[in-house]
Structure formats: C-alpha cells, structure tokens
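Computed from a predicted model, the values in this text were never measured in an experiment. Order of appearance sets the numbers: ligands from 1, and atoms from 1 within every ligand.
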Amino acid sequence: MAASRKNSIIWFRKGLRLHDNPALLEACKDAENMYPVFVLDPFFLQQSSYKVSVNRYNFLLESLRDLDASLKARGSRLLVLRGKPEEVFPRVFGEWDITHLCFELDTEPYARTRDARIQQLAEEAGVQVQTAISHTLYDTEMLVARNGGRPPLTMVSFCNLVSRVGDPLPPAPDPPATLPSLGEGKPSADTATTGVPTWQEVGFKEAPTSIFKGGETEALRRLSASFTDLKWVADFKKPDTDPSAFERPATTVLSPYLKFGCLSARLFHVRLLEVYRKHTGHSQPPVSLRGQLLWREFFYTVGAHTPNFHRMEGNPLCKQIDWDANEEHLAAWREARTGFPWIDAIMTQLRQWGWMHHLARHSVACFLTRGDLYVSWERGMEVFEEYLIDQDHYLNAANWMWLSASAFFNQYFRVYSPISFGKKYDPDGKFIRKFLPVLKDMPSKYIYEPWTAPPEVQRRAGCIIGRDYPAPIVDHPVVSKRNIARMAAAYRANKSATDADGGGDGSDDDVAPTSMAAAAAASKALRGRPSKKTSASTATAAAAAAATPKAANKAAAGGGGGADGGKSGTAAVAASSAIAAASAFTARRSGARSKKDVEAAETAAAANLALAAATAAFRAINNSEADDGPGGAADDKPTAAAEEAAAAAMNSTSKARTAGSRGGSGGNKRQRTIQEALKPMTSGE
Ligand SMILES: Cc1cc2nc3c(=O)[nH]c(=O)nc-3n(C[C@H](O)[C@H](O)[C@H](O)COP(=O)(O)OP(=O)(O)OC[C@H]3O[C@@H](n4cnc5c(N)ncnc54)[C@H](O)[C@@H]3O)c2cc1C
C-alpha cells in the first residue's frame, strides 16, 4: 500500500443514493481511485433465519441498477461483488491497493456483527475505516446519551428529547460531478462479473408483482410528487388517512425508499420544515408527516438500545404472553384465507404489492394476535419480514409489539373489528373487490360478511362460501372477548412478575390512605368537567394512587406511563381492590359496628366508587382522540391506564354487585351502565 495515495471503497449497503451521502463524500475526498461496491451477501437471501420475497429483492436490484446509472453519469460505476463480505473484502483490499473503506453506519444486530468483523479485517490489512450517520435523522447514541444513558420509552418523551436537542443536521452536499475513477485492469472489478444481476439470476422462480419501483430516481420523484400539494403536507394527520385507498394511496409510500436509503430521511425532514415555515398552522407530531419520521426515529433509538428487541423472550420491554402455537390459523392468515374479506384483502395486498397502509397493517396484526387468533406477534413479524418491500428490522418489531399490546401500548381492550373497521372507510368494498376478485360480484351489503349472504345471493355472485371463498375461521365476537380476558390475565401475570422485583410492604395501613386518594381522585374526576386531558390524567392518578405513591406522582405530573417500566399501567389494575379497601376504610370510619353493617356499607361504597372510577375513566377515553397506534394519536398512556382502571373498576363493581344482590343495592343497573360504556372498546374501534 502506497502511503501517499488514497484508494477508497464506498461500500453501499443501505443508503443506495448519491444525495445526502456523507460516506460517499468521505470516500471521494482526495481519492485517486474510488470503488463503489455493493456486496450481494447470501445472508439476505432465502435462509431459515431471514426470508425475503422476490418483490423486496427485486426492489433492491432496481435500486442498484438506478445507482449504477447515476454513478455512470458521473464517470464511475457500481461493482456488485458476490459472496460473504468477510471473504470479499480481504481479497479486494489487496488487489485494489485500498487505503480507506467508507460506509454508512447501520445499527441493526446483523449489521453490527458484520461490520465489527470487517473493521477488524480492515485493520489487519492496514485499511482505515470511516463511517457516517445518514440512515437516521440523528445519531441515536447521542440521543440516548442526552437522555441520561437510557432510550426514551414513550413518543411523548422522545419528542421532548428531540425538541431539546434541536433540528437534525441538514443533508450533506451532493457529490462531485465527476467521481474518482476505478483503477485499471483489476480482475475483481471486471465488468463481466460485477454487473447487477436479474431476479432470475439470483434464483427466484416467481416474477415480482409489486407496483413500486426501486431506486433513488423514483424516490426523489415520489418525494416531489408528495410535495406538490403543500396544504396536504402541512395538514397531514395520519389517523385521517384512508387505509382502503389503493388507486392513490393516502400516505406517501416512501417507506421502501427510506428502508433502502434511496431517500434520505434528513432530506424528507428538511423539506417538511420548509413547508411548515410557510404554513404556520400545520399539524404536529405524532400525527403530522414530521411525526411519522419521528416514529421511525423513536423506534430506531429504542430498538438499537434494547437487547433482543425483535423477540419476546429476553426483551426487557416486551410483555411475556402465552400465545397459542396454532399453525393452521397462522397459515390461514398468511395465505389470505381467514374468511374475513377485509383481512384477506390486506394480506393479498401484502403478497402482491409488499406494501399496505399503516391502519391496514394494524387490522391484520391485531387480528393475528390479541384480537382473534392469539398467535404470537413474532410469527406475524416474520411473515411481514418476508413480504414487505419496506421491511425494516426495528420498525417491524416495534410496530408488532405495539399492535399486540406487548410493549409501548397497553389498550388491549381496543380490538379492531375485521368487519366494521374497513367498512367505515370503504362501504362498497372496492378494496376487497380489487384484491379478492372472487368476491367482486358480492353485493355491498354482504361484502364484509359474505357468509351471511343467502345461498341464492352467493350463487348469483358466483361465490359460494365454503367452496369458492372460505367461511370465517373464528367467531370474532366470541374469540375477541375471550382474548381480552386472556390478555388481562397475561397482564396480571406480568404485573406479578414485576411486583416480585420489589415494591411496598403491602400492609393495610399503607393501602387505606392511598386507596382513599384513589377514591378522592376518581370522584374529583367525576365531578369535574370532562376535558380530554384532565379527566384522563385524573383517572390515571386515581388508578396509580391505588398502587404506589411513586406511580401516582408520576401520573399526576403528567409524565405518562411506560417510562416507569409499565408500573403506572399495571397500577391501574390494582385500582379495584384498592377501591374496595377504601370502601371498607370509609365504612369503619363512619361507625358501622356489626360485621354485616360493615359489609353492607362496603358493598354500597364499593359500587359507588367503582362506578365513579369507571365513569371518570370512560369520560377520559371518550374524550381522547381515537388511537391509531404509531403514526396516529396514540401514546396516550394516561388514557391507557384509565382504560385499565375502568376495567378494574368494572371488576370491582361486579364483586360489589354479587355482594349487593343480597341487599338489593342497585348493583345490576350500575353493572349494565358500565357494560354499556365498555361496549365500543370491546367491539372494535
Ligand atoms: C405491524 C406493523 C409492521 C410494520 N412494519 C414496518 C416495516 O417493517 N417498515 C416500515 O417502514 N414501516 C413499518 N410499519 C410502519 C408503517 O405502517 C409504515 O412505515 C407506513 O405504513 C409506510 O407507508 P408510508 O411511507 O406511506 O408512510 P407515511 O405515513 O407517508 O410516513 C412517512 C414515513 O414515516 C415512517 N413511518 C410512518 N409510520 C411509522 C411507524 N408506525 N413506525 C415507524 N416509522 C413510521 C416511515 O418511514 C414512512 O415511510 C409497520 C406498521 C405495523 C402496524
């Protein structure tokens, strides 16, 4: 290696673009020769541990072809090298007389291991390694350091952190119009062996079917197209977008381009800031378009700093849930034959296009997990991993944990209805007719529930249920209720596991005053005007007060749950027993003497307090915005805790009613009222 000459490799992995590519600029700087390399790593081909569909692989190949064309326009070209990176690099380091290896930092687990190995090999070969951060808006290490060494665990705290840190760096300048040339006569850079292969050459048998074309050119065109209507950009609110829109999707469909780095998140972000400067009344995170980029950033930050983030076991953020191992149900979901047209149409869109709207992903993820089939989120994540063209290690895992109420989100009562949710957006079922042509002639009245169509209607529509299209594999109202109960039990088990780690001493003396605080807070919430925030946080405080003073303070300070390891959420579950204890305390203080008197007073008070807590909680819930998960108005932990408080209160009321039926305390009526209130949560949206 000649010390005075710089011969560099720019190693493309993600970051398949020329714009905002600081690693490329670094490789170009003062280089006599520069080799743009992509390694076709067999890890990213069909393997037992990692699956990729032809659609995503072809998107990658299109992106490489586009990159090659852009490099050629600047006097260079892309060298696609075949083999494992740890075998390829030592060979070319020597042959090309390399002094510098430059690449974009990748924080995924596989990439970290791979890059550490390559770094070691480079050092052994006397090659200097230079990395740059350009896949995310920020350096996630820096964000964690600024947050006291731990990643923020709620979107609210993440947004606060980002506000403190300030805007991300602007995109890097464009590379020079003429790039350093490749060295002459290097066998490993031979044109005949370093071209971009076709999907057939890679070994796929089925042709790609996605309508989205890969590459930086297409990414920039799509970005410009999204920014033609600046009012749309400024007003964008994710929960208002239509998951059934397919002719013109209701969101940007920039995710596959961000995933492969054909588009820089920082460029997207800077363009948004330009629009926001001109439209001062623009929407805000978490629902705005900038909010969507912050969800991405949030999940990258938490994911990169959490062990086993993509697994249930060994993942400190993930609730341990006793999911069913039902292979038949999993296969039916995966192969779009659940018998629920909304679900099957979305799963068909996944297989055909590799992309679905966020709320469509919500529907199918909820259905597979806590909603209907009670199959593990990890199995669903693996199916998405195979078929999504925007599959992203951290975003996929995080969103699956969210939807299955395993982490970040705990409103397991809110089950998406596989029937009414889609109908709300698309009553005629155009989306279903597009992706499930077998149902194209089914009258609109039956399109979401074709099994309810009379035989004659089925015959006329040319679709006999059970023959041409499956009957539903589960009875949604029945299984969803059963699953909510299973989730409640799983949450209790997780709480017990957490409690076993420490906490208060649990003596009665401790319980009574905090329970009184719970009761007082609940009735204050009931008396107060039902405003979205105050009633939600008061109900949370009520619930939290029932468990630990620390959690109560946290909730009262409006810090939201979650960041305390789920304590304020699980605290809510303790509300019912605390309320009953408070009632007993009240009864004793009010001078009841006989055991029977105390019991009667206790029953009446418990029912009233439980009703108060439940009402307060439901006011909070009904006044809060609909939850649309990440990208929606979610992350409202006070509301989540309020819902748990409500359920706990209902539980308490039910106990009170059983006792009260002896003394005719009106418990039945109260119970019915609360059940009515619970209805919208358990039946869907
Ligand atoms: C179960 C499930 C799995 C998912 N898996 C992935 C995945 O593997 N890869 C992926 O990119 N997205 C994933 N998402 C998030 C989201 O659905 C997609 O990012 C979004 O639908 C992409 O469409 P878009 O580009 O039109 O989004 P837009 O609404 O236009 O948003 C712009 C960009 O913001 C980012 N973004 C938006 N929503 C989210 C979100 N919830 N979490 C993180 N980033 C977000 C994406 O990069 C997106 O391209 C998943 C969601 C669910 C519910």
Please determine whether any non-hydrogen atom of [X] lies less than 4.0 Å from an atom of ligand 1.
X	answer
W402	no
K259	no
W355	yes

Would you mind reporting whether Y416 and W342 have side-chain heavy atoms less than 4.5 Å apart?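 No, every pair of side-chain atoms sits at 4.5 Å or beyond.
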Does a side-chain heavy-atom distance below 4.5 Å link M347 with F435? no
Between E382 (side chain) and W377 (backbone), is there a donor-acceptor pair under 3.5 Å? no
For ligand 1, which is the ligand I care about here, please tell me if [X] has any N or O atom under 3.5 Å from one of the ligand's N or O atoms.
X	value
T252	yes
W295	no
N399	yes

Where the closest heavy atom to atom 53 (C) of ligand 1 is concerned, which of R361, R296, Q292 has it? R361
Option whose closest heavy atom lies nearest to atom 25 (O) of ligand 1, chosen from A397, S255, S226: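 Answer by nearest heavy atom: S255.
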Contact atoms of ligand 1, heavy-atom distance to [X] under 4.0 Å:
X	answer
F384	1 (C), 2 (C), 3 (C)
F299	42 (N), 43 (C)
L254	25 (O), 49 (O)
F236	29 (O)
L403	53 (C)
L388	5 (N), 7 (C), 8 (O)
V253	24 (P), 25 (O), 26 (O)
K238	29 (O), 37 (C), 38 (N)

salt_bridge(R351, E206) N-O dist < 4.0 Å: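 No.
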Could you check whether K14 pairs with E104 (Lys NZ or Arg NE/NH1/NH2 to Asp/Glu carboxylate O, under 4.0 Å)? no
So which bit of M381 gets within less than 4.0 Å of ligand 1, heavy atoms only: side chain, backbone, both or neither?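 For M381, there is no contact with ligand 1 at all, from either part.
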Between D390 and ligand 1, which part of the residue brings a heavy atom under 4.0 Å of the ligand: side chain, backbone, both or neither?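 Near ligand 1, D390 shows its backbone as well as its side chain.
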Identified ring-ring contact (aromatic ring centres under 6.0 Å, His included) counterpart of Y394 within the set W400, Y300, F298: Y300
As a quick check of understanding, evaluate side-chain contact (heavy atoms from CB on, under 4.5 Å) for W295 and M155, giving each step before the final call. CA-CA 7 Å; W295 280 111; M155 181 65 166; 3.7 Å; yes
Classify the ring geometry between F43 and Y110 as parallel (under 30°), tilted (30 to 60°) or perpendicular (over 60°). parallel
Begin with the C-alpha distance, continue with both residues' side-chain angles, and end with the deciding distance and a verdict on salt bridge (charged side-chain N to carboxylate O under 4.0 Å, His left out) for R65 and E62. CA-CA 5 Å; R65 250 171 246 128; E62 286 172 351; 5.5 Å; no
Please report the C-alpha distance between Y374 and W323 in whole Å, then the side-chain angles of each, then the deciding distance to 0.1 Å, and finally whether the ring-ring contact (aromatic ring centres under 6.0 Å, His included) criterion is met. CA-CA 6 Å; Y374 218 72; W323 302 111; 4.9 Å; yes
Using the test side chain to side chain contact (heavy atoms under 4.5 Å, CB included), find all partners of L105 that sit at least two apart in sequence or belong to another chain.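 Per chain and number, L105 pairs via side chain to side chain contact (heavy atoms under 4.5 Å, CB included) with T107, T131, I133.
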